[in-house]
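Read the structure below first, then the notes.
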Amino acid sequence: MATRRPENIRTVALVGHGGSGKTTLMEAIAFDLGLTTRLGNIEDGNTVSDFGAEEQKRQISINTSVFSVEYKEKQLHILDCPGYADFIGDLRSAMRVTDSAVIVVSGVHGVEVHTEKAWEFSEDLGLASVFYISKMERENADFQKTLETIKDFLSDKAIPLFLPIGSEADFKGVVDLLRQKAYIYKGDGSKEFSESDIPDDMQSDVATAREALLEKIVETDDELMMRYLEGEEIGLDEILPALRQAVRDRELFPVVPGSSPANVGVLQLLDSIAEVCPAPVDMPPRKAVSGEEEIVVDADPEGPFRALCFKIMVDPYVGKLSFLRVFSGALTSESPIFNVNKEEEERISAFKIMKGKDGEDVKEIVTGDIVAIPKLHSTVVGDTLAVKGEKATFPPIKFPKPVYSVAVLPKSRNDEDKLATALGKMLEEDPTLHFEKNPETLDSVLSGMGDLHIDILLSKIKERYGVDLDTKTPKVPYRETIKKPAKAQGKYKKQTGGRGQYGDVHIEFQPLPRGEGFQFEDKIVGGAVPKSYIPAVEKGLREAIQKGILAGFPTVDVKAILFFGSYHDVDSSEMAFKIAASMAFKKAISEASPILLEPIMNVEVVVPEEYLGDVMGDFNGRRGKIMGIDSRGHLQVVKAQVPLAEMFRYAIILRSMTSGRGNFTMEYSHYEEVPHEITKKIIAQAEAEAEEEK
Ligand SMILES: Nc1nc2c(ncn2[C@@H]2O[C@H](COP(=O)(O)OP(=O)(O)OP(=O)(O)O)[C@@H](O)[C@H]2O)c(=O)[nH]1
Ligand SMILES: [Mg+2]
């Protein structure tokens, strides 16, 4: 292995719409670089990148795979990311740790929804970006049309470095615009190609495209620009550094056509990565924080060691692997390492340079490396690793919030404990999952990015931990309250042989504003209820409100005023007063216009203009209130308040309503009265459930 020096390292994420051809591209790269001896494919489930059982079964990528390969004296760390919305967490974390992105765009379909998403992330994170127009050998592939969609939707700074020779079934090579050479492939899927002159029928197209490219490059450098305008021929030795700088600065986005199964253009893409994508040392310094202080992290191999954990993979054989990107310094596998977030030492057993599911041990890692470490103890995604004594951590990776929830319960009661362990592990591995036991409904609620995400998680839990789970729509944590004041007497009296029971209270219940909870006031005068029993009255009420009279939901926003009562010298007891209080509660509340309250969510939907009408119409059907509409670029932002009960499947509905182009977030806002008709249904259902339990 060549020494991995930061100036020779390139870190690249393969990103793009689901099914655009990232994994197939990775397969061709692996084949061309001799990692494999045959070109696998998605349909046969034998690619080096989609090695997970669920990936092979579903023929999609679910997790980012890391390939560290050498190419022309360069160490490339290539991350094949999933394209589907449900796995956007993996996309985000991969892009956080690479310096460049190869955005794969299907030459048949052009820019799609998740091309836009990947582009947005690349902008947000400032990644140098190269477009690979895939599937050029397929029917209906169209290089120019695809390029136009990139220019229209993403950036007019996209510029081809290569032009395709032939199209569809005749696609057989590319013209290198900078070197003015044609590379014609043998056409047998091998990486063999021959270099020749530009085909006659392409001369004029090539001249135009080359001129456009050179102009764009020199435009970024005044001195070059002048010489170019004066007619001077600028050599590659000057063009390439200028191009490289423009790519790093996101002033230019090179475009390369190719076909991965035909293995045409793949080497040219690799050349482009090696030649024009930035090395870690070329990138602006990263930032870390230590308390209030911001620390500049230069990509300096001599600097203090700092790395970020961006992925955890659990392999049935190897166990846990934690993936790191080194942002500064170097480390040998004998050195101790420190998890700054957890303030805990970690033991390094090995550094693994990964090639898909397999790793190769190395002794040392340096700035720019992306490696895995087996069996780290406390490290989770987002943690910073450094040497002991370091305080600075990298800012957290920005993951989207989960938008889709189900309630889960083990099919077998004995699995409760195992489930807790399994979920704990899964949450460590996947920061876009959330788990919570709802204290009111007692549901175990699992939230993720979509139904596929949850579905795959359940399969994994079953396979790895043998826990079979049922899912259902989570219960809504309804609450109960009253609309007007009412008073009642609660009298509990029992005379049985020996000592009896006696408690007697008069309590008034008054509605409180939303969110005030429960209040108790003691207005007893003259000891009608002795002081010593008053805590029992309050306790009795606090217990009683837990199960409201309408449908058994907690009663909130009520004030109880104890204003009168009576007692018996011998028979009164705390128990008797507690019971009396709960009797008063039941009686008074039924007279106080009880109602149900439901949680209302603040929902924010971001959609392209053309879906605005549908999204708003749909909210009407969900009892939603539109609070406002703003525009953000060519997107519309709809703010609405919608009952939680109407939102459980919204992630799926919005996706299908907008062909996947809409996004939404939601958070709890407040409780509001449930409309009468719906109240009746909820009560009927609660009664049916109570009956069933009996
Ligand atoms: N004809 C042709 N088909 C391709 C090419 N690249 C990918 N495909 C096919 O497109 C489909 C999706 O390919 P993948 O490589 O899984 O795409 P992906 O972008 O990795 O998909 P996700 O990771 O699930 O987002 C498969 O059926 C591939 O065989 C290509 O260059 N030409
Ligand atoms: Mg894939």
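These values consider heavy atoms only, across backbone and side chains, with no hydrogens, waters or symmetry-generated copies. Just so you know, ligand 1 is whichever comes first in the structure, and atom 1 is the first atom listed for that ligand.
- For the residue pair His77 / Ser68, a side-chain donor-acceptor distance below 3.5 Å is found, with atom types taken as modelled.
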Quick check on ligand 1: any N or O pairs to the protein under 3.5 Å? One line per pair.
residue	atom	partner	partner atom	Å
ligand 1	1 (N)	Glu137	OE2	2.6
ligand 1	10 (O)	Lys135	NZ	3.1
ligand 1	15 (O)	Thr23	N	3.4
ligand 1	15 (O)	Thr24	N	2.8
ligand 1	15 (O)	Thr24	OG1	2.5
ligand 1	17 (O)	Gly21	N	3.1
ligand 1	19 (O)	Ser20	N	3.1
ligand 1	19 (O)	Gly21	N	2.8
ligand 1	19 (O)	Lys22	N	2.9
ligand 1	19 (O)	Lys22	NZ	2.7
ligand 1	20 (O)	Lys22	N	3.4
ligand 1	20 (O)	Thr23	N	2.8
ligand 1	20 (O)	Thr23	OG1	2.9
ligand 1	21 (O)	Gly19	N	2.9
ligand 1	23 (O)	Ser61	OG	2.8
ligand 1	24 (O)	Ser61	N	3.0
ligand 1	25 (O)	Gly19	N	3.2
ligand 1	25 (O)	Lys22	NZ	3.0
ligand 1	25 (O)	Gly83	N	3.0
ligand 1	27 (O)	Glu43	OE2	2.5
ligand 1	29 (O)	Glu43	OE1	3.3
ligand 1	31 (O)	Lys135	N	3.0
ligand 1	31 (O)	Ser260	N	3.1
ligand 1	32 (N)	Glu137	OE1	3.1
ligand 1	32 (N)	Glu137	OE2	3.2

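- For Arg661 and Tyr611, the positive end is not near the middle of the six-membered ring at less than 6.0 Å and at most 45° from its axis.
- From Leu154, atom CG reaches atom CD of Glu123 across 8.5 Å, with rounding to the nearest 0.5 Å.
- Shown here are the salt bridge (charged side-chain N to carboxylate O under 4.0 Å, His left out) partners of Lys117, two or more places apart in sequence or in another chain: Glu120.
- Take the Mg ion (ligand 2) and draw a sphere of radius 2.8 Å; the protein N/O/S atoms inside it number 2.
- The aromatic rings of Trp119 and Phe253 sit perpendicular, their planes meeting at an angle over 60°, well past the 30° parallel limit.
- Between His453 and Phe87, the angle of the ring planes goes over 60°, which puts this pair in the perpendicular group of the 30/60° scheme.
- A donor-acceptor contact closer than 3.5 angstrom links the side chains of Tyr132 and Ser260.
- Taking a 6.0 Å sphere around CG of Asp197, one finds it holds 12 or fewer heavy atoms contributed by other residues, nucleotides or ligands.
- Evaluation of the ring pair (Phe, Tyr, Trp, His ring centres under 6.0 Å) test over residues 45-74, restricted to residues two or more places apart or in two chains, returns none.
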